[in-house]
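This report refers to the structure that appears directly beneath it.
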Amino acid sequence: MLLSEVMAQQTPLARVEPAWREWMERWPTPEVLAAASPADVVRAWGRLGYPRRALRLREAAIAIVERHGGEVPRAQDDLLSLPGIGDYTAAAVAAFAFGDRSVVVDTNVRRVEARLISGQEQAAPSLTRAEKDLARNLLPVVDHDAAVWNVAVMELGALVCTARAPRCPDCPVRGRCAWLLGGRPAYDGPARRGQKWHGTDRQVRGIIVQTLRDAHVPVDRGDLAPGRDEVQVDRCLAGLIEDGLVEPVGAHHFSLPGHDEAQAG
DNA sequence: AAACCGTGGAA
DNA sequence: TTTCCAAGGTT
């Protein structure tokens, strides 16, 4: 559950599933994952995006082994202290893996509650205190009811109350949706900042890491992102090394971190 | 608090 | 073609 939730952070579930199956087969427990190299986990992460999630997952596995006897903790505080686990993922693991009553607020829940309760087409650009309060107040008191609620609201948002073309005629709560009853008014709040991609450092970082995933030997700096501005490549490289996603090998070559191939002994 | 961090499918 | 968006987290 923890693995699937981390993989699903900002990544569609349909793309997560095959990667999740392969990962679970290769590293079925925190103990074995903790023993894997960063290079191997970044490579196994494939093209799910945000590869530092793979590094943090491995670090989380180490922490689980060291601090929790190799068992994923159940308490929110313990979950939150794990690398790469934030409010959403901690709540999701508690709810979906342990059946606990926790306040699960993801993008689906935010959208459903924005429409159903607040009468707004979209939620605010970032999670607000009011949204957290609302979600907490709506959550059923009994543990099992809360667990069902969390799954139900997320599924409603994912399958019916979707971002682009909501299927209001099929919605089980269409009769009491503030947004629908209000005539589905267009969103009038602050605009979300669109994320740039083309030509950005993010794109170049992605190219570099993908190059290193494919190459199982150290790569010359000039071959990491062919055709790209050298100043930008150097900047991205420095950032990737700082992030622990890339490791220098010799003076001009680079590889994924912890890759012990070709190391003289 | 705002910016940054990947990727690919669909509108 | 461009834009939007996806079971967010960290700094």
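Labels below follow one simple rule: chain letters A, B, ... track the order of the sequence lines, proteins then strands, and each chain is numbered from 1. Worth knowing before you read on, the calculation uses all heavy atoms, side chains too, and leaves out hydrogens, waters and symmetry mates. Just so you know, these numbers come straight off a predicted model, no measurement behind them.
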*Pairwise P distance for C:dA7 and B:dC4, with rounding to whole Å*: 24 Å
*Rounding to the closest angstrom, what is the interatomic distance between C:dT10 and B:dG8 at atom C1'?*
24 Å
By salt bridge (charged side-chain N to carboxylate O under 4.0 Å, His left out) - contacts of [X] (at least two apart):
X: A:Arg176; value: none
X: A:Arg129; value: A:Asp133
X: A:Asp170; value: A:Arg167
X: A:Arg205; value: A:Asp243

*Identify, with sequence neighbours excluded, every residue that meets ring-ring contact (aromatic ring centres under 6.0 Å, His included) alongside A:Trp149.*
none
*Partners of A:Glu25 by side-chain hydrogen bond (donor to acceptor under 3.5 Å, both in side chains), sequence neighbours excluded?*
none
_Under 3.5 Å: donor-acceptor pair, side chain of A:Glu121, backbone of A:Tyr187_ = yes
*Ignoring hydrogens and angles, tell me if any N or O in the side chain of A:Arg221 forms a donor-acceptor pair with the backbone of A:Asp234 under 3.5 Å.*
no
_Starting from A:Val249 and following side-chain heavy-atom contacts under 4.5 Å between hydrophobic residues (I, L, V, M, F, W, Y), which residues can be reached?_
none
*Give me the first and last nucleotide of DNA chain B, going 5' to 3', that has any atom under 4.0 Å from a heavy atom of chain A.*
B:dA3 to B:dA11
*Any chance you could lay out the side-chain hydrogen bond (donor to acceptor under 3.5 Å, both in side chains) test for A:Tyr88 and A:Gln9, step after step, and finish with the verdict?*
CA-CA 9 Å; A:Tyr88 163 74; A:Gln9 291 167 1; over 6 Å; no
*Qualifying ring pair (Phe, Tyr, Trp, His ring centres under 6.0 Å) pairs with a residue from residues 33-56 of chain A, counting only residues at least two apart or across chains*: A:Trp23-A:Trp45
*Taking only heavy atoms on the protein side, list every residue of residues 197-208 of chain A lying under 4.0 Å from any atom of DNA chain B, sorted numerically.*
A:Trp197, A:Arg202, A:Arg205, A:Gly206
*Near DNA chain B, under 4.0 Å by heavy atom, which residues of residues 127-153 of chain A?*
none
*Sugar-phosphate atoms are those with a prime plus P, OP1 and OP2; base atoms are the rest. Using that split, label each nucleotide of nucleotides 2-11 of chain C B, S or - for protein heavy atoms under 4.0 Å, 5' to 3'.*
----BBBSS-
